[in-house]
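This report refers to the structure that appears directly beneath it.
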Amino acid sequence: MTRKQLSQYIAFSSFTIISLVVVGILFVILGFIIVRGASVISWEFITGMPEEGMTKGGILPAIVGTGCLILGSMIFAFPVGVLSGIYMNEYLSDNWFRRFIDFMTNNLAGVPSIVFGLFGMALFVNYLGFGDSIIAGSMTLGLLTLPVIIRTTEEALKSVDDSLRTGSLALGATKLQTIRKVVLPVAFPNIITGLILSIGRVSGETAPILFTVAAYFLPNLPHSIYDQVMALPYHLYVLATSGTNMEESRPMAYGTAFVLIVIVLLMNLLANFLRKALGKRVKM
Amino acid sequence: MIQAEAKNVNFYYGDFHALKDISMTFEPSSVTALIGPSGCGKSTFLRLFNRMNELIGNTRLEGLVTVDGKNIYDKDVQVDEIRKRIGMVFQKPNPFPKSIFENVAYGLRVNGINKKSILDEVVESSLKKAALWEEVKDNLKKSAMALSGGQQQRLCIARALAVEPHLLLMDEPASALDPISTAKVEDLIFELKKQYTIIIVTHNLQQAGRISDYTGFFYLGSLIEHDKTQKMFLNPADERTQSYITGRFG
Amino acid sequence: MKRFRRLFEKFIEGILLSSSTITSLTVILIVLFLFREGLGIFNRSPLEHNFIIAVSKQNPVQDLSSDQLKAIFNQDITNWSQVGGKNDSIILFTVNDITNYFTEEELGASLEYLPQKLNEFIVSHPGALMHISDKNLPSDFQGHTIHVKNISVKDFLFGKQWYPTSEPIPSFGIWPMIIGTFLVTLGALLIALPLGLATALFLAEVADIRLRNIVKPLVELLAGIPSVVYGFFGLIVIVPMVQSTFKLDVGETVLAGSLVLGIMALPTIVTIAEDALRTTPRSLKEASLALGATRWQTLRRVTIPYAKSGISAAIILGIGRAIGETMAVLMVTGNASNVPHSFLVPARTLPATIAAELGEAPYGGLHFKALFALGIVLFLFTIMINLTVAYVRNKERK
Ligand SMILES: Nc1ncnc2c1ncn2[C@@H]1O[C@H](COP(=O)(O)OP(=O)(O)OP(=O)(O)O)[C@@H](O)[C@H]1O
Ligand SMILES: [Mg+2]
């Protein structure tokens with residue numbers, strides 16, 4: 001073996017070993033929680049209320065709460081994100097305005113989630129007077145995911161072949177007609193995929209909801225958008241760090257972590273499935 | 001004497017049978033042109049000679065490929081050693097985003113030659129052989145990306161020559177160039193064949209006629225005819241060659 | 001009809017335009033609200049609203065710094081001469097002390113005589129230092145108020161003490177958090193960068209394409225696992241591990257934070273770096289290989305240099321994420337408010353402090369404002385990171 005082959009051998013072997021370790025660690029973590037969590041999961045756990053200082057019973061209010069927050073944030077962020085993605089990709093040319101919006105969107109994407117929490121508290125909870133409520137939390141989470149949805153929409157639109165646009169315009173269709181009838185149908189599967197992946201992200205965010213909506217414990221399910229709710233990630237945080245009896249609430253914590261992971265997994269599977277299924281329909 | 005040879009070669013991309021039982025020999029200091037309609041396997045065949053096809057997963061080779069009498073697919077052959085001895089010029093000029101000097105010196109550096117005096121000498125002689133020296137000798141530190149397309153392609157040829165290959169593979173080296181640059185590259189190939197064995201893929205039949213000694217006609221993965229260029233163009237043995245040359249398909 | 005349609009298109013375009021301004025608007029609002037609440041901590045006295053420090057009229061001392069005041073209240077300073085006054089011992093007096101000097105009858109049922117008694121006290125105790133509410137001051141007050149030096153940006157950033165609720169003078173020095181954040185992030189990078197980049201190189205250049213197509217989506221999936229889950233894992237596995245490995249009293253340390261954060265950052269770094277490596281044109285790699293370079297040489301000399309700016313952008317973004325990560329770090333670093341001097345002691349980070357304390361800080365109070373000021377610092381970090389990334393990307397385009 002020559003020197004250069006030897007150094008390649010050494011380098012590549014170490015990459016291989018390191019990758020095995022890295023992927024191994026990540027899956028050990030995932031496996032650890034899935035294995036411990038799965039044994040806790042039962043019908044009662046999913047549909048029951050927390051009992052006995054959250055050491056027994058279920059996590060229904062947290063599941064419902066997270067559901068409300070997902071729904072609320074998506075009702076806001078999805079239309080706004082998709083519309084602005086369309087505007088940025090289809091209407092704006094590469095001028096200062098577009099660069100400015102790009103820069104601001106990147107900035108928003110980089111803002112730490114706890115700062116969103118501060119902001120949501122200052123604007124929605126206090127200034128607008130919503131109080132700790134589903135609407136305050138949803139708006140905060142919605143703003144947090146907005147950049148993600150804008151970016152995926154843009155990516156989806158970028159991947160639409162330009163010849164489709166020129167073809168349609170050449171046939172006398174207006175710009176809006178072209179976007180609606182030609183561009184969007186092709187880009188649709190990827191846009192939906194982005195949406196679903198951002199649901200996964202919203203469901204796990206804790207810092208933005210700490211001071212805008214999340215409740216330590218609530219005996220009732222929410223009745224209106226001005227109610228507080230429990231939420232899965234915050235519930236896990238509470239169970240792990242400040243439950244009344246941490247040792248005894250551990251199984252509840254494993255179960256909650258399991259549910260959170262399952263949501264992310266499901267969203268990924270769903271996204272993949274939809275991308276394939278819808279992609280096929282568009283091709284035909 | 002034979003410089004390079006393919007013997008009963010079959011090549012598969014997955015299930016797709018891209019090369020069908022091809023046998024062909026190449027003599028030293030000769031230029032062989034490979035012609036044929038798009039997708040017939042010319043590039044695939046050319047890339048067998050420096051084992052470039054291995055970079056694509058899920059391929060399979062049957063048969064024998066030899067260079068200088070040695071089976072280059074033998075188990076004990078180191079692929080980088082083979083590639084060092086076989087130069088390749090690609091369809092699109094692909095200089096590295098480095099200086100002109102470093103582009104030409106690259107092949108030496110990766111083979112452990114870093115002595116300044118040797119590098120200087122080889123860079124100069126390679127650029128001279130590639131007929132680029134006069135145009136760039138004062139700007140060797142300049143980025144290669146700043147050269148024109150034709151200059152870039154000649155730089156890529158100089159880069160390939162710097163490692164003193166025995167065999168030069170060219171895949172449509174002039175197809176991305178304007179007529180003047182093309183003429184320069186053709187002149188260059190004509191010069192180079194004094195020292196090197198050259199296999200060149202081209203879609204330009206006039207070009208094949210001007211610069212090659214031998215021509216091989218590929219069709220749907222098979223070698224239909226392989227003969228002296230003059231004979232092929234004036235009096236092809238196969239009907240399909242005839243139709244291709246007279247422009248009836250392809 | 002045609003005119004109507006054109007109007008309609010303009011209308012829709014207007015809607016699209018306004019949607020696309022929402023991100024910019026949000027950024028501006030974030031700045032506005034952070035500064036609105038957070039700047040209130042600066043250039044004002046560190047005393048809670050309405051409270052003052054008063055001394056006798058004969059006392060020549062006019063102003064004190066908060067450090068001096070703290071020392072006085074801790075009885076480290078007991079004589080006025082130590083702070084530039086006469087040689088007289090300091091008599092501390094807060095509202096809680098009032099019953100030590102006066103009976104309830106003397107003060108009145110609803111403390112109506114309190115102002116008057118305060119006057120009596122200050123006259124009879126020339127060495128007194130009073131911490132009282134200005135509502136209780138009599139109109140003919142016989143003392144003068146001490147000007148307490150304002151909280152400066154410098155004190156805030158470089159102050160080593162964070163006692164936001166201590167009475168009467170809280171301390172708002174965030175230096176421990178800045179160092180904590182820096183150490184935790186540094187440790188995380190030392191773990192995640194080599195491992196993540198090596199994995200990215202493996203996936204991009206070494207692994208069989210089929211293996212890559214299985215592993216890459218799985219790694220991407222792991223990037224979506226919520227940070228509380230990583231924090232939870234850290235709490236039950238990594239923290240005890242750190243504790244027993246290094247024989248520590250507590251396992252909640254900078255190191256535990258770095259480990260959890262490093263592991264969390266791995267999927268992101270692997271994904272982005274692998275994407276960046278993939279941008280290197282195939283033709284360049286082939287050119288290098290055709291010249292007899294090994295794949296490793298090609299990687300080092302062609303692929304990595306080409307992808308360099310993409311990889312650096314990934315690294316910088318990773319740093320940004322690490323700095324801003326809240327929950328996982330909060331759960332495993334122990335949140336001690338001392339300046340950490342090694343990786344094996346508890347520490348707290350900027351985001352974790354906000355998350356841990358905002359719930360208990362009274363709305364609009366100094367502590368509340370200080371936490372928003374922390375938010376400003378974090379936000380400025382983010383902007384810096386983004387400017388750097390924009391700069392790196394811009395250079396790449398040229
Ligand atoms: N990486 C690949 N995977 C699968 N099939 C391939 C691959 N590369 C080439 N092929 C197929 O192999 C056949 C021969 O391709 P090749 O590139 O050798 O043709 P060519 O004669 O060079 O064509 P052209 O003149 O267009 O360059 C084509 O049908 C092509 O579709
Ligand atoms: Mg070809």
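Being a predicted model, the structure only gives us computed values, none of them experimental. In the text below, chain A, chain B and the rest are named by the order of the sequence lines, each starting its count at 1. Both backbone and side-chain heavy atoms feed into the values below; hydrogens, waters and symmetry mates do not.
- Here the side chains of Phe15(A) and Leu197(C) are not in contact, with every heavy-atom distance at 4.5 Å or above.
- When heavy atoms are compared at a cutoff of 4.5 Å, Ile101(A) approaches chain C by way of both its backbone and its side chain.
- If you measure heavy-atom distances from Phe381(C) to chain A, you find no contacts under 4.5 Å at all.
- Only the side chain of Tyr127(A) comes within less than 4.5 Å of a heavy atom in chain C; its backbone stays farther off.
- Residues Ile114(A) and Glu325(C) are not in side-chain contact: their nearest non-hydrogen atoms beyond the backbone lie 4.5 Å or more apart.
- The minimum heavy-atom distance between Gly292(C) and Lys4(A), with the atom names listed, is O-NZ, 2.7 Å.
- No donor-acceptor contact under 3.5 angstrom links the side chains of Gln5(A) and Thr294(C), judged on distance only.
- Leu34(C) touches chain A through its side chain: at least one heavy atom from C-beta onward sits under 4.5 Å away, while N, CA, C and O do not.
- At a 4.5 Å heavy-atom cutoff, Val389(C) makes no contact with chain A through either its backbone or its side chain.
- Heavy atoms of Leu176(A) lying under 4.5 Å from chain C belong to its backbone as well as its side chain.
- Contact record, Trp296(C) with Ala11(A): CE2-CB, 3.4 Å, taken as the closest heavy-atom pair.
- Under the 4.5 Å side-chain criterion, counting only non-hydrogen atoms from C-beta, Gln297(C) is not in contact with Gln8(A).
- The contact between Thr326(C) and chain A is made entirely by side chain atoms (from C-beta outward), counting heavy-atom distances below 4.5 Å.
- The contact between Leu123(A) and chain C is made by backbone and side chain atoms together, counting heavy-atom distances below 4.5 Å.
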Chi angles and distances behind the side-chain contact (heavy atoms from CB on, under 4.5 Å) call for Arg250(A), Phe232(C): CA-CA 10 Å; Arg250(A) 192 99 319 150; Phe232(C) 177 55; 4.3 Å; yes

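- Two residues are said to be in side-chain contact when any heavy atoms from C-beta on lie closer than 4.5 Å; Phe202(C) and Ile18(A) fail this criterion.
- Residues Phe12(A) and Arg295(C) meet the side-chain proximity criterion, which asks for heavy atoms closer than 4.5 Å.
- Taking the side chain as every heavy atom from C-beta outward, Leu25(C) and Met104(A) never approach each other to under 4.5 Å.
- Interatomic distance, OG of Ser19(C) versus OH of Tyr87(A), reported as 10.5 Å (0.5 Å rounding).
- Contacts of Leu26(A) with chain C are made by both backbone and side-chain atoms, with heavy-atom separations under 4.5 Å.
- Looking at Gln177(A), the atoms closer than 4.5 Å to chain C (heavy atoms on both sides) sit in the backbone and in the side chain alike.
- With a 4.5 Å cut-off on non-hydrogen atoms, Leu266(C) touches chain A through its side chain but not through its backbone.
- At a 4.5 Å heavy-atom cutoff, Ile376(C) makes no contact with chain A through either its backbone or its side chain.
- Contact of Val23(A) with chain C is made through the side chain alone, with heavy-atom distances under 4.5 Å.
- In this structure, chain C has heavy atoms under 4.5 Å from both the backbone and the side chain of Ile29(A).
- Proximity to chain A (any heavy atom under 4.5 Å) is shown, for Leu203(C), by neither the backbone nor the side chain.
- Residue contact with chain C, scored on non-hydrogen atoms closer than 4.5 Å, involves the backbone and the side chain of Leu108(A) alike.
- Checked by atom type, the side-chain pair Asn386(C)/Asn106(A) shows no donor-acceptor distance below 3.5 Å.
- For Ser14(A), no part sits under 4.5 Å from any heavy atom of chain C, backbone or side chain.
- Contact annotation: the side chain of Phe368(C) approaches that of Met121(A) to within less than 4.5 Å [non-hydrogen atoms, C-beta and beyond].
- Using a 4.5 Å cut-off between heavy atoms, Ile354(C) touches chain A through backbone and side chain atoms alike.
- Only the side chain of Leu143(A) comes within less than 4.5 Å of a heavy atom of chain C; its backbone N, CA, C and O stay farther away.
- Interface remark: Met267(A) contributes no atoms to any contact with chain C (heavy atom separation under 4.5 Å).
- In this structure, chain C has a heavy atom under 4.5 Å from the side chain of Phe103(A), while its backbone stays farther away.
- We find the OG-OH distance between Ser227(C) and Tyr237(A) to be 11.5 Å, quoted to the nearest 0.5 Å.
- For chain C, the nearby part of Ile150(A) is the side chain; its heavy atoms alone come within less than 4.5 Å.
- In this structure, the separation between OG on Ser84(A) and CD1 on Ile15(C) is 13.0 Å, given to the nearest 0.5 Å.
- Two residues are said to be in side-chain contact when any heavy atoms from C-beta on lie closer than 4.5 Å; Thr382(C) and Pro112(A) meet this criterion.
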